[in-house]
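Shown next, in structure tokens, is the structure this report addresses.
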Amino acid sequence: MSFGALRSRLQHLRTSVCLRKLCERKHSSMAVLGIETSCDDTGAAVIDGSTNTVLGESLQPQTRIHTLHGGIRPATAQSLHAEHIHSVVSDAMQRAGLDYADLSAVATTVKPGLSLSLGVGTNYGKQLALDHRLPFIPIHHMEAHTLTVRLMQEVEFPFLCLLVSGGHCLLVICRGIDDFSVLGTALDDAPGEAFDKAGRFLNLRMMKDFVDMSGGAAIEHLAKDGNPNAFNINGHSSPMSSYRDCNFSFSGLKFNMKTCIERLEKEHDLDGDTPLPIPVLRDLSASFQHAVCQHIVRRTHRAMLYYSSVLPHQRHRVLVVSGGVASNAYLRQWLDKMCVELGDWSLFCPPPKLCTDNGVMIAWNGVERLRAGRGVLTDPADITAVDYTNKCPLGEDLSQEVAAQGIKISDWIKA
């Protein structure tokens, strides 16, 4: 046996012994602290994996500050994370009624995200693990979003997952805790980013009712009373309609929205810093939301057809939708309708508060990995060596294989 193989074997044995000792603790047998700082929310939570119970959680959002600045400023986000992380983690632990000695592990988001933000959480989580001699579990942010639904509902592997957020848009087949196949991804803007920029184009941050909302949340609120067919945001056709793959593109919709807003501002003799009349804002919001959701649904439908072709014998197929944009009720309704139309699909979504970034999803991902003994670091040298990274693929890329099949979507999806 080579030296490298021997070292790997010894590390595996040390981890197995450590995990066995954790399960023999008299306290909460699998209490995991999760820490999230990948973007602009500082979150922490403690989950008891023996009962799948959230013992305590705390969240410090930065939405209002970044909205006033017109977008997320990485240096500002880093400073706010550093200011709040200790109090957020302490609050979650206090709500859980546990001491650090009662924990089984510390799980922390280390990839992907804003580098400056990730660094705050990664370094804090690593130091906690080292100070209290706890295992450390590095977490992939999108993996956590994918698995969150399993905390709330009985969802077995494999399943198809649509991940829609401010920084990502992915369609993945999830075969296990760390076994993912990517069917499609955003080629430019993510949907959450497109929503937020559209909200900025509409000057919604200037309105007191929306100062504490993200652009996407404000647009959804306005769209409830708007006409989704009032404005043609798609242009001549829906994005990428000639490409039979599962990739996404939102930059064209964003450009069309901006062009439409500028034309309307001229018609209403506005200077570009004053919001349009409320009825116009409602119709614009509804039209943009419709165009974005229509594009997402069309690409997801193709992914569902591909999934059925590679897993033809699965009787009950599941579509999981997660990430910040998954809290959009209009998108959920459309996806639910599609699952009903196809007949053999069920839609599962985490509750809206767990769709956006939070500590609960990180703690739960830590529980899943701790149970499986995957990616659990117990050696101080290995913990110290963990680094954060702003970009990291979630799994094997099958997008070209999907495109090669040339799958046509149903006519009603095109309507």
Side-chain angles (χ1 to χ4, degrees), residues 15 18-36 41 43-59 88-89 91-109 125 128-129 134-161 163 172 174-180 316 318-324 326-327 346-376:
T15 300
C18 181
L19 294 178
R20 186 171 66 250
K21 288 182 178 179
L22 288 172
C23 292
E24 294 170 353
R25 286 190 176 191
K26 295 181 180 179
H27 299 291
S28 182
S29 60
M30 198 177 283
V32 175
L33 167 65
I35 299 173
E36 158 63 23
D41 290 324
V46 180
I47 291 181
D48 182 355
S50 63
T51 60
N52 293 359
T53 303
V54 179
L55 301 179
E57 59 179 305
S58 183
L59 184 69
V88 167
V89 171
D91 185 40
M93 290 294 293
Q94 184 176 7
R95 290 171 184 265
L98 298 179
D99 295 323
Y100 289 110
D102 300 322
L103 294 175
S104 298
V106 176
T108 305
T109 307
L128 273 183
L134 293 167
F136 183 71
I137 308 175
I139 298 296
H140 190 297
H141 183 75
M142 302 313 293
E143 177 180 301
H145 272 308
T146 304
L147 299 176
T148 302
V149 71
R150 286 166 48 86
L151 169 63
M152 317 302 299
Q153 297 162 301
E154 292 186 8
V155 177
E156 300 295 330
F157 300 116
F159 59 84
L160 178 66
C161 185
L163 296 169
V172 300
C174 183
R175 293 185 173 87
I177 293 169
D178 56 359
D179 185 0
F180 302 94
H316 303 291
V318 169
L319 171 64
V320 170
V321 186
S322 192
S327 61
S346 298
L347 178 68
F348 288 87
C349 307
K353 78 169 191 173
L354 294 184
C355 287
T356 52
D357 295 349
N358 60 85
V360 172
M361 70 181 198
I362 306 305
W364 174 249
N365 198 169
V367 167
E368 293 256 48
R369 282 186 164 274
L370 188 61
R371 285 174 177 167
R374 291 179 175 272
V376 182

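Predicted model only: the values in this text are computed from it and were never measured.
Within the structure, salt bridge (Lys or Arg N to Asp or Glu O under 4.0 Å) pairs that include any residue of residues 135-158 comprise Glu143-Arg369, Arg150-Glu368 (at least two apart or interchain). Counting only residues at least two apart or on different chains, the side-chain hydrogen bond (donor to acceptor under 3.5 Å, both in side chains) pairs with a member in residues 354-363 are His141-Asp357, His145-Asp357.
For the pair Pro138 and Gly375, the tightest heavy-atom approach, listed with the atom from each and the gap, is CD-O, 3.5 Å. In terms of heavy-atom proximity, Cys174 sits nearest to Phe180 at SG-CE2, 3.3 Å. The shortest non-hydrogen separation linking Ala92 to Ala44 is CB-O, 3.7 Å. The two atoms that bring Ala45 and Gly359 nearest to each other are CB-C, 3.5 Å, heavy atoms only. Taking all atoms of both residues into account, the shortest heavy-atom contact from Ala105 to Ile137 is CB-CD1, 3.8 Å. Residues Pro350 and Cys355 approach most closely at O-SG, 3.6 Å, considering heavy atoms.
Applying the side-chain contact (heavy atoms from CB on, under 4.5 Å) rule to Ser346 yields the partners Phe348; only residues at least two apart in sequence or on another chain are considered. With sequence neighbours excluded, no residue satisfies salt bridge (charged side-chain N to carboxylate O under 4.0 Å, His left out) with Arg175. Under the side-chain hydrogen bond (donor to acceptor under 3.5 Å, both in side chains) criterion, Asp179 pairs with no residue, sequence neighbours left out. Phe159 meets the ring pair (Phe, Tyr, Trp, His ring centres under 6.0 Å) test with Phe157; sequence neighbours excluded. With sequence neighbours excluded, the residues satisfying side-chain hydrogen bond (donor to acceptor under 3.5 Å, both in side chains) with Thr109 are Glu36. Scanning for side-chain hydrogen bond (donor to acceptor under 3.5 Å, both in side chains) contacts around Asp178 gives Arg374, with sequence neighbours left out. With sequence neighbours excluded, no residue forms a side-chain hydrogen bond (donor to acceptor under 3.5 Å, both in side chains) with Ser327. Scored by the side-chain contact (heavy atoms from CB on, under 4.5 Å) test, Ala144 finds Ile139, Met361, Ile362, Asn365 as partners (sequence neighbours excluded).
With rounding to the nearest 0.5 Å, the separation of OG in Ser104 from CG in Leu370 is 6.0 Å. Between the CE atom of Met152 and the SG atom of Cys349 there is a distance of 12.5 Å, given to the nearest 0.5 Å. Interatomic distance, CD1 of Ile47 versus CG of Leu55, reported as 8.0 Å (0.5 Å rounding). If you take CG on Leu319 and SG on Cys161, they are separated by 7.5 Å, rounding to the nearest 0.5 Å.
Residues Leu128 and Val89 are in side-chain contact: their nearest non-hydrogen atoms beyond the backbone lie under 4.5 Å apart. Contact of the Val46 side chain with the Val54 side chain is not registered, since no non-hydrogen atoms from C-beta on lie closer than 4.5 Å. Residues Val360 and Thr148 have side chains not in contact (no heavy-atom distance under 4.5 Å, counting atoms from C-beta outward). Side-chain atoms of Arg95 and Glu57, non-hydrogen and from C-beta on, never get closer than 4.5 Å to each other.
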side-chain contact (heavy atoms from CB on, under 4.5 Å) assessment of Val106 paired with Ile35: CA-CA 8 Å; Val106 176; Ile35 299 173; 4.2 Å; yes
Derivation of the side-chain contact (heavy atoms from CB on, under 4.5 Å) call for Asn52 and Leu151: CA-CA 7 Å; Asn52 293 359; Leu151 169 63; 4.2 Å; yes
Candidate pair Leu147 and Ile177, rule side-chain contact (heavy atoms from CB on, under 4.5 Å), full reasoning: CA-CA 8 Å; Leu147 299 176; Ile177 293 169; 4.1 Å; yes
Trace of the side-chain contact (heavy atoms from CB on, under 4.5 Å) decision for Leu160 with Val172: CA-CA 6 Å; Leu160 178 66; Val172 300; over 6 Å; no
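For Gln153, the CD atom counts as densely surrounded, since its 6.0 Å shell holds more than 12 non-hydrogen atoms of other residues, nucleotides or ligands.
The backbone N or O of Asp48 lies less than 3.5 Å from no partner atom in the side chain of Ser50, so there is not a single donor-acceptor pair.
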